[in-house]
Amino acid sequence: MARVDVVTGAFSYTGSFIARRLLAAGHQVRTLTNNPSPPPDLAGKVVAAPLDFDDADGLVRFMRGADTLYNTYWIHSNYGAGAFADAVLRSRGLFAAARAAGIRRLVHISIANSTASAHPYYASKAELEEALRSAGMSYGIVRPTLVYGEGDVLINNIAWVLRHFPIFAIPGDGAYRLQPVHVDDVAAIAVTAGLAGDNITIDAAGPDILRFEQLVRLLRQAVGSRSVLVKTSSALALAGARVAGFIVRDALLTREQLDDLRAELLISHEPPRGTIRFMEWLPRQQEFLGLRYASAQTRHQPRLSPLVRPAR
Ligand SMILES: NC(=O)c1ccc[n+]([C@@H]2O[C@H](COP(=O)([O-])OP(=O)(O)OC[C@H]3O[C@@H](n4cnc5c(N)ncnc54)[C@H](OP(=O)(O)O)[C@@H]3O)[C@@H](O)[C@H]2O)c1
């Protein structure tokens, strides 16, 4: 009998890469999702049910008989500080349902340096890690840095600004570092964490550490942008992001995201586990990257329950 695993969000971003890796390893995959459209290569291969946090019994029934739960559920910063407490509550409910269903191991996707920022996105991630550690289950906590790859948001949207605006504002000196990790590396690290026996908390980071200005220059070159790079104060860069955000009706960059970026929270202090090199991936994407704006918010908007509405 093939081993059965459950992935939350197998039709969305990181979850789809985890699902592909599990299927390739011969596991059966079920998913809890509100996304009605599987990526074409996963269609017909993954059994799906709604991720309905109000139906704890349904969650338990769906997970019964499965071995490992891979949890990618989280909300984006645009939903406002208050929404994170709900996301923690919901995730705790999911953990309890997994335990009641007899799930052996829970692999939870968190974020690198989760305890290093007091901002709600990070603080709630740290709180949830602690909740999992005391949930009485075998666990693997995987903490990615900045996830990139086909279909990502941040790298794509930097490229989008570079393609569509004559000026690109680099906040501050641009010397702060980040360590992107390819989404398939995150999936591989998560699946390895699922197969491990010990309770572990590990970073998922790629092999390259880049300075922000360097990253922007690489993207500018890759997409053939003529945008002029200007170093500005954070306030001016945020004002520019608000103007661009007005056009796409989204928050391109929040003050908190910028603070965390400048505090170098998107780098790992562990040896990198990812192997895919950003510089090798980038040239293969230059035709597509940044052609369209990618919104993490609208990706999930149609199916929002009243508790998790975007902040206006
Ligand atoms: N992207 C990054 O750079 C990055 C960096 C570090 C850590 N992470 C973490 O990695 C995990 C996966 O991130 P991802 O970018 O791959 O996310 P994603 O695929 O866009 O979403 C992951 C899951 O969360 C659900 N979800 C998202 N927003 C929701 C909302 N407003 N209401 C209800 N459900 C919602 C999705 O639902 P559906 O299945 O219905 O789509 C999906 O199941 C998250 O825990 C994130 O914090 C991401």
Side-chain angles (χ1 to χ4, degrees), residues 6-19 30-39 42 46 48-54 59 69-80 82-84 86-91 93-94 106-114 117 119-126 128-129 132 141-158 178-187 189-190 202-206 257 260-261 265-268 274 278 294-311:
V6 178
V7 180
T8 56
F11 298 160
S12 293
Y13 192 42
T14 308
S16 67
F17 283 81
I18 294 174
R30 300 178 194 162
T31 186
L32 287 161
T33 179
N34 295 310
N35 184 343
S37 315
L42 293 181
V46 176
L51 179 56
D52 180 357
F53 294 100
D54 297 330
L59 293 177
L69 169 64
Y70 293 86
N71 179 37
T72 72
Y73 165 72
W74 199 242
I75 58 167
H76 197 253
S77 298
N78 317 38
Y79 293 92
F84 290 108
D86 294 326
V88 171
L89 207 63
R90 288 166 169 225
S91 305
L94 180 69
L106 206 156
V107 176
H108 173 66
I109 310 297
S110 186
I111 192 161
N113 301 303
S114 58
S117 168
H119 292 145
Y121 188 100
Y122 277 84
S124 50
K125 282 280 197 191
L128 196 52
E129 286 184 5
L132 178 54
I141 295 171
V142 174
R143 294 165 148 182
T145 47
L146 165 66
V147 183
Y148 74 94
E150 300 75 350
D152 83 59
V153 172
L154 185 73
I155 296 291
N156 179 79
N157 288 348
I158 294 174
L178 35 79
Q179 189 173 1
V181 58
H182 192 276
V183 60
D184 193 41
D185 273 340
V186 178
I189 294 161
I202 53 171
D203 283 355
Q257 286 169 332
D260 294 335
L261 175 67
L265 297 193
L266 296 181
I267 61 170
S268 168
F278 184 76
S295 168
Q297 179 175 304
T298 49
R299 212 152 60 175
H300 303 282
Q301 206 162 25
R303 347 176 250 293
L304 287 184
S305 75
L307 275 175
V308 193
R309 287 203 185 287

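One-based numbering, in listed order, for ligands and for the atoms of each.
Contact check for Val153 versus Ser295: no side-chain heavy atoms found under the 4.5 Å cut-off. Looking at heavy atoms from C-beta onward, Trp74 lies in side-chain contact with Phe84 at the 4.5 angstrom threshold. Using a 4.5 Å heavy-atom cutoff, the side chains of Thr8 and Leu94 are in contact. Counting only heavy atoms from C-beta outward, the side chains of Tyr148 and Leu154 never approach each other to under 4.5 Å. Residues Phe11 and Ser37 form no side-chain contact, since every pair of their non-hydrogen atoms from C-beta on lies 4.5 Å or further apart. Within the 4.5 Å cutoff, no side-chain heavy atoms of Tyr70 are placed close to those of Thr14. Looking only at side-chain heavy atoms (C-beta outward), His108 and Val142 stay at 4.5 Å or farther from each other.
When heavy-atom distances to ligand 1 are checked against a 4.0 Å cut-off, Arg143 has no atom that comes that close, whether in backbone or side chain. In Phe53, neither the side chain nor the backbone holds a heavy atom less than 4.0 Å from any atom of ligand 1.
At a 3.5 angstrom cut-off on N or O pairs, Gly15 does not count as close to ligand 1. Below 3.5 Å of separation, one finds an N or O of Thr33 facing an N or O of ligand 1.
Listed by number with element, the atoms of ligand 1 under 4.0 angstrom from any heavy atom of Ile111 are 6 (C), 7 (C). Of all atoms in ligand 1, numbered sequentially from 1 with element shown, those under 4.0 Å from a heavy atom of Ile75 are 29 (C), 30 (C), 31 (N). Of all atoms in ligand 1, listed by their number and element, those nearer than 4.0 Å to a heavy atom of Pro144 are 6 (C), 7 (C). Short contacts between ligand 1 and Ser12, defined as distances under 4.0 Å to a heavy atom of the residue, involve ligand atoms 19 (O), 38 (P), 39 (O), 41 (O). With ligand atoms numbered from 1 in the order given, ligand 1 contributes 24 (O), 25 (C), 26 (N), 27 (C), 28 (N), 29 (C), 35 (C), 44 (C), 45 (O), 47 (O) to contacts under 4.0 Å with heavy atoms of Trp74. Interface of Thr145 with ligand 1, defined as ligand atoms under 4.0 Å from a residue heavy atom, comprises 5 (C), 6 (C). Of all the atoms in ligand 1, the ones that sit under 4.0 Å from a non-hydrogen atom of Thr72 are 11 (C), 12 (C), 22 (C), 23 (C), 24 (O), 44 (C), 45 (O).
Within the structure, the closest approach of Val153 to ligand 1 does not fall below 4.0 Å when heavy atoms are considered. Note on ligand 1: Ser110 sits in its first shell, one or more heavy atoms being nearer than 4.0 Å. At least one heavy atom of Tyr121 sits less than 4.0 Å from an atom of ligand 1. The shell of residues lying under 4.0 angstrom from ligand 1, judged by heavy atoms, includes Tyr73.
Of the options Asn35, Thr31, Thr72, a side-chain hydrogen bond (donor to acceptor under 3.5 Å, both in side chains) to Ser12 is made by Asn35 and by none of the others.
Using a distance-only test at 3.5 Å, with no hydrogens or angles considered, no donor-acceptor pair links the side chain of Asn71 to the main chain of Leu106.
Donor-acceptor pairing under 3.5 Å is recorded for the side chains of Glu129 and Ser110.
In this comparison of Leu265, Ile155, Val147, the heavy atom closest to atom 4 (C) of ligand 1 sits on Val147.
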